[in-house]
Structure formats: C-alpha cells, structure tokens
Protein chains: 2
Amino acid sequence: MARTALTRSEVLDAAAALVRQHGPAALTMRKLAAELGTAVTSIYWHIGNRESLLDALVERTVLEMGAIAPRGTTPVDRVVSLARRLRRELRARPHLIAMVHERGLTERMFLPAQQALVREVHAAGLRGAAAADAVRAVQFQVVGFLLVERNRERAPAQSPGEGALWSAPPPARDVPRDAALARALARPVDPDRLFTTSVRALVSALLTPPAAVGDDRITPSGP
Amino acid sequence: MARTALTRSEVLDAAAALVRQHGPAALTMRKLAAELGTAVTSIYWHIGNRESLLDALVERTVLEMGAIAPRGTTPVDRVVSLARRLRRELRARPHLIAMVHERGLTERMFLPAQQALVREVHAAGLRGAAAADAVRAVQFQVVGFLLVERNRERAPAQSPGEGALWSAPPPARDVPRDAALARALARPVDPDRLFTTSVRALVSALLTPPAAVGDDRITPSGP
DNA sequence: ACCTGAACACCGTTCAAGT
DNA sequence: ACCTGAACACCGTTCAAGT
C-alpha cells in the first residue's frame with residue numbers, strides 16, 4: 001500500500017512498455033495495474049477505459065513524430081530522401097504504428113512530412129492542384145509501402161509463396177517463360193531497394209513536366 | 001437438440017456472415033454457437049479454436065480471389081486497368097481483407113494478379129530483373145494504396161485534419177504560400193482519381209524506356 | 001464420430017464505499 | 001480528489017461424460 005500518487009503519464013509509460021514488448025493484445029487492465037502496483041480501478045479514474053488508454057498512447061506516438069528535413073540537391077533526390085527517412089522513423093515503432101493505423105490516424109501522423117513534401121514539390125515548379133496531387137500521391141505511396149512491408153514482415157515464410165510458385169513452370173498458359181524474370185521473382189524482396197526504386201519512379205514521373213513528345217495525355221478526366 | 005449434423009462449411013458460413021455484418025470483434029464462439037443452434041463446444045470439435053476458425057475464413061477469402069483480366073490496348077492502360085479492377089474487388093470485402101492483412105496473407109492473395117502483371121510487363125518489353133522490379137513496384141503500390149484508403153475510410157473526419165491545417169496560414173515558416181495548392185489540399189481526397197493518377201505515373205515511368213519513341217508493342221490479344 | 005454442460009481462468013467495467 | 005474490493009457480464013478453452 002501507500003505508493004506515490006499515480007499519474008496519468010506514469011500509466012501511459014507502463015502501458016507503452018507493455019505494448020512495446022508484447023504487442024497491444026498483452027495490454028490488459030489487470031496486468032497494467034499489477035505492473036503499477038495499484039488497483040485496476042485506479043487506472044479508470046485517471047484514464048478512463050481501455051479504449052481511451054490506447055487512444056492516449058496513439059496520441060503520444062503521433063506527437064513524437066516530428067518534422068523531417070530533406071537532403072540532396074535535385075527535387076527528386078530531396079523527396080526520395082524525405083520518404084526514406086520517414087520509413088526509417090516508422091519502422092522503429094512497429095506496434096504503436098499499427099495502433100495508429102487501426103485508429104485511422106496515419107494521415108494525421110504524416111502531416112509534418114506532408115508540409116515538407118509541399119515545399120519540395122513547390123520548389124520543383126509544380127503549382128496548385130497539380131502540386132497537391134503530387135504531394136498526395138507520394139504520401140499515399142510511402143504510407144502504403146510501409147503498411148505492405150509491415151504485413152510481409154509478420155508472415156516471413158508463406159506457403160505457397162512467390163518463390164515456390166515462380167520456381168516451378170508458370171501455371172497459367174500465357175504467362176511468358178522468362179527464366180531471369182522467374183528467378184528474380186523467386187528471390188525474396190529487397191524492401192530497401194524496391195522502396196527507393198518505386199518512390200524514385202513515381203516522383204520523377206510526377207515532377208518532370210510531360211515534355212510533350214506527341215503524347216496523348218491531357219487532363220485526366222474522371223471515369 | 002436434434003438439429004441436422006453440423007458441418008465445417010456451415011460453421012464457416014455463419015462465421016463469415018457475422019464478420020461481414022459486424023466485424024471480426026463481433027465473432028465470439030458463444031454467439032456463433034447460438035446462431036448455429038449448437039453447443040459452443042461442438043464448434044471446437046469441427047474447427048478447433050477461434051484462431052483457426054479465423055484462419056479458415058481468411059483461407060476462403062484468398063481462394064475466392066480469382067484471376068483478373070486486363071483491358072485496354074497500350075501496356076500502361078492494361079496495367080492500370082488491372083490495378084483498378086483489383087481495387088474494386090477488394091473494396092467489396094473490407095472486413096475479410098483486413099483479416100487477410102492481419103495474417104500476412106495479402107501477398108498470397110495477390111498472386112493471380114501478379115501473374116497478370118508479369119504478362120503485361122513482359123509485353124511492354126521488360127525482361128528479367130527489371131521486369132520483376134516493375135511487377136513488384138506496381139503490386140506494392142496497389143496493395144499499399146488499398147491499405148491507406150481503408151485506413152482513411154475508417155476515420156473520415158479527423159481533427160485536426162488536412163483541411164483545418166491547410167485552410168489556415170501554413171504554420172511552418174518556409175512552407176510556400178500557394179493559395180490554389182492550399183485549397184486543393186484542404187479539399188477531401190478523391191481516391192478514385194488519386195489512385196489512377198498514381199498508378200499511371202508509376203507505371204509509365206517503369207515501362208517507358210528512357211528513349212525510344214517509335215517502338216511498337218508486341219501484341220497480346222486482349223479481351 | 002459427434003455433441004453436451006459444467007467448470008476454469010481470464011477479461012473490461014461499474015459502483016458503492018472508503019480516505 | 002483519489003483509491004479500493006466486490007460484483008457483474010462477458011470471454012476462450014478444456015474435459016469428462018454422454019450417444
């Protein structure tokens with residue numbers, strides 16, 4: 001009995017520790033109370049129910065996600081560097097990022113990064129709606145890649161995986177027989193490389209003006 | 001008492017219905033048993049525990065996800081059409097897709113689509129490792145976009161959202177003041193349009209070799 | 001082979017009662 | 001203002017027992 005007064009942030013710290021080590025499922029109110037040396041119900045007084053506890057945890061993570069500075073000289077390089085640093089930051093907090101995602105707050109967490117993107121896209125000469133499109137395309141691309149990547153890491157060995165399927169002869173009739181391609185697809189993905197390649201392709205297509213060599217693109221009209 | 005013999009697929013049907021309507025959290029063994037008119041423990045005999053029930057449900061969804069045929073004439077158009085049809089298919093099954101994702105099976109679910117991509121990328125003239133890179137870049141892009149989109153839909157009105165932040169003057173010093181851009185970013189995202197724009201940008205950057213204007217593509221006979 | 005109820009060990013949450 | 005234990009309504013899972 002008679003421990004020092006329980007504080008909200010103390011509860012959050014303990015909860016964050018539990019989540020960090022064993023994932024959000026391991027965070028039960030009773031375990032948390034035991035960890036803190038209090039009665040379960042004290043937590044309710046300070047934070048409310050489990051849901052708002054998780055919300056508070058997520059809120060914290062979002063705030064910790066500060067602004068990021070780009071590097072490089074060309075606009076494409078700078079945007080790519082932004083994307084890569086974002087990716088590194090997020091990969092350091094897998095569980096909490098997942099919880100941010102589950103709560104639909106991923107976008108908000110990315111707002112500082114969005115502002116940096118706006119700066120670079122503007123510097124590249126894009127204006128108005130076209131600039132906004134470019135910013136959002138990159139943002140979706142980066143966040144999306146991270147989610148896919150997280151997904152893949154959780155299930156490292158799937159069966160049948162790409163490897164098994166592509167080292168055998170292609171099952172569908174009209175899939176071309178390209179040995180080098182099949183070999184490449186049978187190898188595991190190198191996320192670093194794929195990420196950089198993808199972002200660079202997207203960004204250079206978005207930032208370089210169409211150059212108008214007899215191209216058919218005018219304004220995209222809705223389908 | 002005395003209902004017709006319980007079958008595995010009957011259990012799965014009932015479970016799928018529960019998930020479809022109220023999400024996976026609403027799928028409790030007791031509710032499911034009540035729905036089926038059996039004892040809770042009968043389910044254990046047929047399927048095992050809750051986890052393997054969910055696994056079976058996910059397995060089913062993956063199998064339901066058949067191959068998809070591309071449309072259009074140019075390689076870029078055909079790849080974009082593949083991406084768009086994939087997106088439509090997946091958006092029809094939000095809860096189950098989320099469960100597939102949680103189990104790290106998203107990649108496997110996309111294997112048929114991957115084969116279609118290989119076909120198109122090959123037809124566009126890419127070979128070997130470069131072709132594999134292109135296929136994977138597109139695949140990650142599509143899956144990633146879907147995950148981000150799902151995330152956004154779950155939290156339609158975030159505060160402070162992009163809107164609030166961009167309709168006020170930019171908080172960071174060196175964020176450029178571009179009224180049209182700010183207005184565009186304050187408007188809600190149009191996912192259809194953004195998706196098509198992004199995929200098209202990525203694909204055209206990946207498929208068009210840096211030079212070469214006069215090349216003819218090598219035919220696929222497309223439906 | 002299939003199904004059952006009882007029991008166990010866990011949950012989150014509420015509430016009246018303490019200080 | 002802060003903390004408590006008891007109690008409630010839910011879980012998933014096991015198991016011995018039925019047919």
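As the structure is a computational prediction, the values presented were derived from the model and not from experiment. Numbers restart at 1 for each chain; the letters A, B, ... are given by sequence-line order, proteins then strands.
Considering only the side chain of A/W45, D/dC2 comes nearest among C/dC3, D/dT4, D/dC2.
Contact annotation: B/H46 does not reach the phosphate of C/dA1 (side-chain N/O to OP1 or OP2, under 4.0 Å).
Side-chain contact between B/R119 and B/R78: absent, with no pair of heavy atoms (C-beta onward) separated by less than 4.5 Å. Under the 4.5 Å side-chain criterion, counting only non-hydrogen atoms from C-beta, B/S198 is in contact with B/Q141. Contact of the A/M29 side chain with the A/L53 side chain is registered, since non-hydrogen atoms from C-beta on lie closer than 4.5 Å. The shortest distance between side-chain heavy atoms of A/H122 and A/V135 does not fall below 4.5 Å. Looking only at side-chain heavy atoms (C-beta outward), B/R87 and B/D192 come within less than 4.5 Å of each other. Under the 4.5 Å side-chain criterion, counting only non-hydrogen atoms from C-beta, A/L194 is not in contact with A/D190.
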Letter by letter from the 5' end, nucleotides 6-19 of chain D scores (B base, S sugar-phosphate only, - none; protein heavy atoms under 4.0 Å) -B---BBBBB----

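In this structure, CD1 of B/I43 is placed 12 Å from P of C/dG5, rounded to the nearest angstrom. With rounding to whole Å, B/R8 atom CZ is found 14 Å from C/dC3 atom P.
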Pairing string of DNA chain C (Watson-Crick or G-U wobble, both atom distances under 3.5 Å; | = paired to other strand) is ||.|||||...|||||.||

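Here B/F145 pairs with A/F140, B/F195 under the ring pair (Phe, Tyr, Trp, His ring centres under 6.0 Å) rule; sequence neighbours left out.
Under a 3.5 Å cut-off, the side chain of B/R20 and the backbone N or O of B/L96 do not form any donor-acceptor pair.
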